[in-house]
Colleague: 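Got a structure for you, written out below as structure tokens; questions coming shortly.
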Amino acid sequence: MTIPATQSGGRAFRRFACFVVFVAVLLVWWGAATTTKQAGMVFADWPLSLGTVNPPGWLEHMIPFLEHSHRLLAKLTGLLVLALFAWAYVRSGKRALEVAGIVLLIALVLGFYIAAGSERLDAGVKQRLLLIALALSALPAGWLVWSWRARGWSLVQKLTALALLMVTTQAILGGLRVTEISNALAVVHGCFAQCFFCVLILVVMVSGEGWGRGGFLGSPAWLRRVRFAGIVLVLIVLAQLVFGASMRHFHRHALPDDGLILTQGRWIPSFEDPMIAFLFLHKFTAFSLLLFVVGMVLRLGGGRANAVIPRLNTPRRHAVAILALIGVQIALGLGVIGTGKSFWVTNVHVLNGLLILAFSFVFAVRALRGIPGGEGNL
Ligand code: HEM
Ligand code: HEM
């Protein structure tokens with residue numbers, strides 16, 4: 001599998017995309033803070049908060065402030081992604097009508113979800129509206145799949161369209177998590193945020209001038225193995241996020257167990273309680289991730305320099321950076337347990353988890369963009 005080389009963007013566009021990434025980091029932090037402080041259900045309605053645009057007193061108390069400002073920041077992010085999408089299309093100089101149409105369609109889908117989330121409806125109407133919203137969601141998603149395959153759009157156009165669909169989906173997931181009082185949706189919301197973030201990073205990468213020569217350099221056999229390592233790395237990190245998020249949202253007020261290394265005083269605990277299983281799997285996956293990345297650092301010899309990210313110009317250097325982040329993450333994870341979920345330690349743990357995913361994702365993209373040439377061995 002390879003990612004096609006398509007140059008698009010421009011310096012101003014790329015700077016704007018970097019700004020959107022920065023706002024998205026803030027948003028993830030804010031969401032994590034909302035979860036850690038148990039502020040998620042402070043308003044039972046959505047998209048309004050207590051039936052108003054800005055609920056009274058939201059600036060005076062920490063809990064309403066966290067949840068409401070998370071919602072405001074999410075709206076800002078949605079608008080910024082919409083601007084990114086429109087900008088990419090305006091640059092292409094065509095199909096303004098289609099852009100307007102798709103934006104209206106997304107607004108319509110969002111409207112049905114919002115209506116379905118209304119507290120005043122009876123259960124039957126609610127269910128019908130939700131079904132219509134689900135059916136309508138297939139339209140923008142279908143449009144994306146069709147345009148991706150059939151049109152000569154640049155990669156930037158395709159990715160900004162994907163980011164727009166993802167941010168809308170994420171807002172719907174956040175809203176439904178509240179109106180349906182669902183911990184399962186909170187888990188999906190937490191994990192989907194990180195996937196959305198990866199797409200924004202890809203927009204920044206693709207719109208840069210170095211995209212055309214962005215991959216690692218090495219022999220074809222070596223590149224195949226680096227690609228495999230990159231994909232497995234991303235999958236392990238994603239699994240780790242799912243275990244962490246499940247424990248975080250289904251077992252809120254305390255940790256399922258306070259053992260730093262052992263769980264329930266054993267190396268392998270009983271799996272009867274799913275929360276204990278998630279905690280054990282989270283620790284086990286952390287250890288596996290550590291070993292996997294140590295293996296990458298030891299075996300990623302060779303592979304020539306790549307000018308795009310000067311300090312991380314070889315796969316080994318890139319893997320060393322990921323290893324350092326994992327070291328910090330393990331210390332933070334032990335801190336989360338040791339401090340009984342201190343606000344700052346827990347939030348920095350979530351944020352550093354995002355960084356690990358981002359670095360791993362960029363590694364995988366650079367591997368998939370690899371250019372055969374030169375010697376390398378894994
Ligand atoms: C649109 C972009 C959005 C992003 C990227 C985003 C991201 C996040 C993240 C990363 C978390 C923390 C999850 C965790 O720590 O496990 C979170 C929590 C939360 N978000 Fe969002 N969010 C967005 C929009 C929204 C919207 C529109 C709402 C509407 C109400 C919302 C409601 C919530 C709630 C209630 C929580 C706390 C969940 C809990 O404690 O169970 N989010 N969000
Ligand atoms: C090294 C790789 C690790 C990664 C990438 C990672 C990532 C994460 C993430 C992203 C979350 C929050 C998930 C979400 O809500 O969206 C989380 C939660 C958690 N992690 Fe880790 N983690 C790692 C290692 C560890 C270790 C070694 C420990 C402890 C020994 C640990 C303990 C925890 C705990 C207790 C939570 C839940 C916090 C809560 O309930 O609020 N983590 N982890």
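Note that the structure is predicted; figures quoted are calculated from it, not measured. As the structure lists them, so they are numbered: ligands from 1, and atoms in each ligand from 1.
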Colleague: For a side-chain contact (heavy atoms from CB on, under 4.5 Å) with V109, tell me which candidate from T168, L139, L136 qualifies.
Modeller: L136
Colleague: Apply ring-ring contact (aromatic ring centres under 6.0 Å, His included) to the pair F197 and F361, showing each step before the final yes or no.
Modeller: CA-CA 10 Å; F197 186 76; F361 178 75; 9.4 Å; no
Colleague: Using modelled atom types only, decide if a donor and an acceptor are shared between the side chain of R252 and the backbone of H249 within a distance under 3.5 Å.
Modeller: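 Such a contact is found between R252 side chain and H249 backbone.
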Colleague: Counting from 1, what ligand 2 atoms have a heavy atom of L260 closer than 4.0 Å?
Modeller: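 Going through ligand 2 atom by atom, the ones under 4.0 Å from L260 are 30 (C).
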Colleague: Within the 4.0 Å heavy-atom shell around L334, which atoms of ligand 2 are there?
Modeller: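 Heavy-atom distances to L334 below 4.0 Å select 29 (C), 30 (C).
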Colleague: Between the side chain of R227 and the main-chain N/O of W222, is any donor-acceptor distance below 3.5 Å?
Modeller: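 No, R227 side chain to W222 backbone: no donor-acceptor pair under 3.5 Å.
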Colleague: Going by the side chain to side chain donor-acceptor pair (under 3.5 Å) test, which pairs reach into residues 278-298, not counting sequence neighbours?
Modeller: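 Sorted pair list: Q240-H282, T263-K283.
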Colleague: Is the contact between H251 and ligand 2 made by the side chain, the backbone, both, or neither, using heavy atoms and a 4.0 Å cut-off?
Modeller: neither
Colleague: So does L48 get a backbone contact from the side chain of R71, meaning a donor-acceptor N/O pair under 3.5 Å?
Modeller: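 Yes; at least one donor-acceptor contact below 3.5 Å.
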Colleague: Just jot down the side-chain contact (heavy atoms from CB on, under 4.5 Å) partners of A321, sequence neighbours excluded, or say none.
Modeller: L312, F359
Colleague: Considering the heavy atoms of K341, write down every atom of ligand 2 situated less than 4.0 Å from one of them.
Modeller: 39 (C), 40 (O), 41 (O)
Colleague: Check each atom of ligand 2 against the heavy atoms of L255 and keep those under 4.0 Å away; list them by number with element.
Modeller: 35 (C), 40 (O)
Colleague: Please output the residues near ligand 1 using a strict heavy-atom distance under 4.0 Å, listed in chain and residue-number order.
Modeller: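 Its neighbours under 4.0 Å (heavy atoms only) are L27, V28, G31, A32, T34, T35, G40, W46, E67, H70, R71, A74, V167, Q170, A171, G174, G175, R177, V178, A186, H189, G190, A193, R248, H249, R252, given by chain and number.
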Colleague: Kindly determine whether F243 and F284 satisfy ring-ring contact (aromatic ring centres under 6.0 Å, His included), including the steps that lead there.
Modeller: CA-CA 10 Å; F243 297 143; F284 178 78; 9.4 Å; no
Colleague: List every atom of ligand 2 that sits less than 4.0 Å from any heavy atom of H282, numbering the atoms from 1 in the order shown and giving each element.
Modeller: 6 (C), 7 (C), 8 (C), 17 (C), 18 (C), 19 (C), 20 (N), 21 (Fe), 22 (N), 23 (C), 24 (C), 25 (C), 31 (C), 32 (C), 33 (C), 42 (N), 43 (N)
Colleague: Under the side-chain contact (heavy atoms from CB on, under 4.5 Å) rule, collect the residues that match up with L131, sequence neighbours excluded.
Modeller: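 Result, side-chain contact (heavy atoms from CB on, under 4.5 Å) vs L131: none returned.
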